[in-house]
Amino acid sequence: MTQHQKTAISENMTIYNAAEQKTMLLKALGECEELDLDLSQVSEMDTAGFQILLLTKREALKANKTVRLTAHSKPVTELLDLYNMASYFGDPMVIPAKEHATENQTKHKNK
Amino acid sequence: MDAIQQAYVVEGRELLQMMEDNLLQMESNGGDPDTINSIFRAAHTIKGGAGVIECMFIVEFTHVLENVLDEMRSETIKPSPELVEVLLECSDHLGTLLGCVESEAEPTDEVNKVSASLREKLQHYLGQPAESTQKIVLSEPKLHASGGGEMETDNWHISLRFGPDVLRKGMDPSSFIRYLLELGQIVHLTTLPDAMPDADEMDAESCYLGFEISYQSDADKARIESVFDFVRDDCLIHIWPPHSKLADFISSIETLPEDTMRLGEILIKSGALTQKELDIALNAQADQEQEEGSSAQPKIGDVLVNQGAVTAELVDAAAAKQGKVAEKKTLESQLIRVQAAKLDQLIDLVGEMVIASAGANMLARKSGESALVESTSVITMLVEQIRDSALQLRMVQIGETFTRFQRVVRDTSRELGKDIELVIRGSEAELDKSVVEKLGDPLMHLVRNALDHGIEPPEARTAKGKAARGTLTLNAYHESGSIAIEIIDDGAGMNREKILNKAREREIIGPTQTLTDSEIFGLIFEPGFSTADKITNISGRGVGLDVVKRNITALRGSVEVESREGQGSTFRIRLPLTLAIIDGFLVGVGKSSYVIPLGTVVECIELSEKDREETLKHQYINLRGEVLPFVRLREQFEISEKGGKRENIVVVQYAGQKIGLVVDELMGEFQTVIKPLGSIFKHIKGIGGSTILGSGEVALILDVQSLVALTTAQQNRGHTSEAVRV
C-alpha cells in the first residue's frame, strides 16, 4: 500500500459517471493511506457526484485514512457550498453549534 | 409503486379485512381482550409499515386510531356501539388511504377532510381537547395558539428527505434548493446523508440525502410548497411556517426517520429551535406523561432524558410479537405467498408430464415387456397424484369470500331497516382461485337481491307469523365434480303467476306456452326482466340478473332457482371445479382427430348412403322432419385424404341452433386438458384450442359457437357445398 497517492477526476461528476467513479475512487482509496483528489477538471457536478465524494470521505474516515479535495473547480465549490458541506471535507473536527450558525448565517445571507 | 409498497398495500388490505371481521365480532359479542388486542396490532402494523414506506398521511391518521385502541386494551375506554361504528369508519377510511398509496397519489381534500373529522371523533374518546399534538401543520389553513407556546424564530423550517429514485427520474435536490434561494434566503442548511448505506450497498444512482433548512421568505406557504411540486411523490416534505406551535413541531419530528436526538441537535444548530424551547417541550411532555400515567406516545423527552424508554418500547414490542406468534399458532395455518404466474407455470409443466407419461405408457404396452409396463404404470400413478396436488394449489376456500358478506349484510340491512342475520355453511369448500375472484360480483348481486326483494321488513314478517329476524344463508358443497353455491333466504319467495304474466307481457314467451316451475323462475334471468314495483338504489332495474347469468355461464357454470311463495327462495350456482379440463367427444376425420365439447353434443347418427347423396345436393339434411344444416369437417378443414365408406354426423347445438358435423369416425367420450392455441392461429374460425392425445398426436378442439355461426351465414347466402377457405 502506498502512503500517498494523487489522482485526478477527469470527467464530470454526474449521475452518468457516478457508478464508475465510485468504483475507481474506492479502489484508489483502498491502495493508499492518503489520497489527494484533484477536481480541477470536473466541469459539472450533480448530487450523484456529490454523494460519491461523500462516500469516499466517509469510507476514509472509517478506515482512519485521509482524503483531501484539491483544486476544486467552480461547479464543485458551488455545490459543496450550497450543501454546506465544505467543512465536512476540509476539516474533520466538529464546529460548535453557535459558531457554525453565525458563520453560515453570514455566508448564506450574502448570496 | 415499488415492490415494498406493493407488498405493504397487499398486507395492509389483509390486515384491514381482519380488523373489520374483529370489529363486527366485537359489535355482536362485546369486546374481549383477544379481539381488542388483535385490532390494535393490525392498526399498529399498518402504521409501522406506513412509516417504512414513508407514507405520512397514513402514519398520522393511524397514530390516533392506535391511541384509542391502546386505551381500549388497557380498559381505560370501554367499547360501545357508537365507538365500534366510528372504528369501522376508520377501517374503511384506511382502505381509501391504501388506495391512495396504490394509485401513487396524495389524498385529495375530500379524503383529508374525512381524515380530520374521524380524528376528531377519536379524540373525543381520548378525552383530550380537540387541538392536540397530533395535527400536522401542512393540513391546517390557520394556526391556533395552544399549550406549548410558539417558537421564537421567525424563520420557516423546511425538512426534506429525498427518496432514492429522485436522481434516476432526472431531478436533482440542488435545483430545488436553488429555487428556494430565488424566493428567499437560506438562513441555515444541514445536509443529512444518514440514509447512505455501506459502500457495498450504496447505489451510485440512488439518492440518500435529506436536508433541514431554516428559511426566511415573504412568500406564502402555498408558494413555498409549490417549489417542490415536481418531487412531491418522491420526497418527504415538511414545511413549518414561522412561529409554529412548538409541540406540533416536536411531534412531527418524531415521524422523521433519523434519530430524534440527532434531529434535536440539528434543529438547534440551524436555529429552528433554541435550547430553551427544546427544554420547554421536553418538560411539557414529561408533565403530561406523569398526569396520564400511560406510555401510549413515544416522547422526545423520554428519548433525550431517559434511554430506558427505548428499552420499555422494545419490551412492549417483544411482548406483542409473542402474542402474535401465539395467535398464529392457534390459526393453525402456515402460509407462503407465491406469485400466481409461477404457479401457472408449474401446472403447465405438470400437464406436459401427464401427456408425456401417457405416451410412455402406450409405448410400453406396445412393447409388451411386462417389467416396463409395470414401471410406467407406477410413473403414471405418481404423475396423476402430482397433477391433483398441483391443481389443489390453486384452490382457495370459499369461506374467505363468504365472510366478506358479513359487512354487506350488516350495512344493507340497516339501510333497509330490516333485521337480517347471515349464516355461513360449507366455508371450507374449495375452488379455483380465478373462479373465486370472478364469482364475487354475481354473488354480491344475488345477496343484495335477497336482502332487498327477498326478505321482508320485520313488521311484515311478524304479521305473517314469521320471526322478525330474517335469515340469509350462504352454503357451498361439492357435488359430482362440480361445486354448488346456494344463496337461501327465508323471505317472501317469488310469485309464479306474476312472473308468468310479466313474461307474457314482454312477449318473452307465447300466451299459451306452458313452463315448468324451474323454467318460470329461470325467466327472471332474462335481460330487462323485473317484476319490482319500485326501483330502489339497490336493485329493481332489471339489469342485474342477466349479467349474473352471463358471468356464471362464462365460467362454464349454471344457475337455477327454487322458490316457494311466502317461504323463501334458493338460488343455486353450479360451477365446474377447474376451467382447464373439458369433457369432450372425440371424432376422426381422415387421419386427424378432433374434440367436440360434450356439452354441445345432442346426438350422433350414422349417415346412410342415401343421406350422403342428399348431402352432395343440398347443404342440409332431413333429420326426422327437421332441417339440419351441416358442415363437412373434411371440407371445412381441407383434409385431403379420401373418406372411408362410412360417415357419421354429430348433431351439436349452440344457443338453440342445431347443426350437424359430418365426420368419419366416432371415437367416444374423452376428458382432456385444454391447451391454448398460439396467437397465429387465433383467427381460424372453428377451432377453440388444442390438446394432446395419449398417442402424442395433437387433436384440435372445435369451437362449436363459431361453426354454428359460419354455417347459418352460409345458409343465408345460399352457397352450395364448397370448401370454405379458412
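So that the names make sense, note that chain A is the first sequence line, chain B the second, and so on, each numbered from 1. Any value given below was found using the heavy atoms of this structure, including those in side chains, with hydrogens, waters and symmetry copies removed.
With a threshold of 4.5 angstrom between heavy atoms, L55(A) approaches chain B through its backbone and through its side chain. For Y208(B), the parts sitting under 4.5 Å from any heavy atom of chain A are the backbone and the side chain alike.
A salt bridge does not link R178(B) with E182(B): every distance from a Lys NZ or Arg NE/NH1/NH2 to an Asp or Glu carboxylate oxygen is 4.0 Å or more. Between E212(B) and R161(B), at least one side-chain nitrogen of the basic residue sits less than 4.0 Å from a carboxylate oxygen of the acidic one, meeting the salt-bridge criterion.
Ring geometry for F50(A) against F89(A) counts as perpendicular: the plane angle is over 60°, on a 0 to 90° scale with 30° as the lower cut.
Under the salt bridge (Lys or Arg N to Asp or Glu O under 4.0 Å) criterion, K62(A) pairs with E59(A), D198(B), sequence neighbours left out. Contacts of A7(B) classified as side chain to side chain contact (heavy atoms under 4.5 Å, CB included), with partners at least two apart in sequence or in another chain: none. For E20(A), there are no salt bridge (Lys or Arg N to Asp or Glu O under 4.0 Å) partners two or more places apart in sequence or in a different chain.
Side chains of L183(B) and Y215(B) form a contact here, defined as non-hydrogen atoms less than 4.5 Å apart.
At a heavy-atom cut-off of under 4.5 Å, chain A is reached by D172(B), P173(B), S174(B) from residues 169-176 of chain B, listed in order of number.
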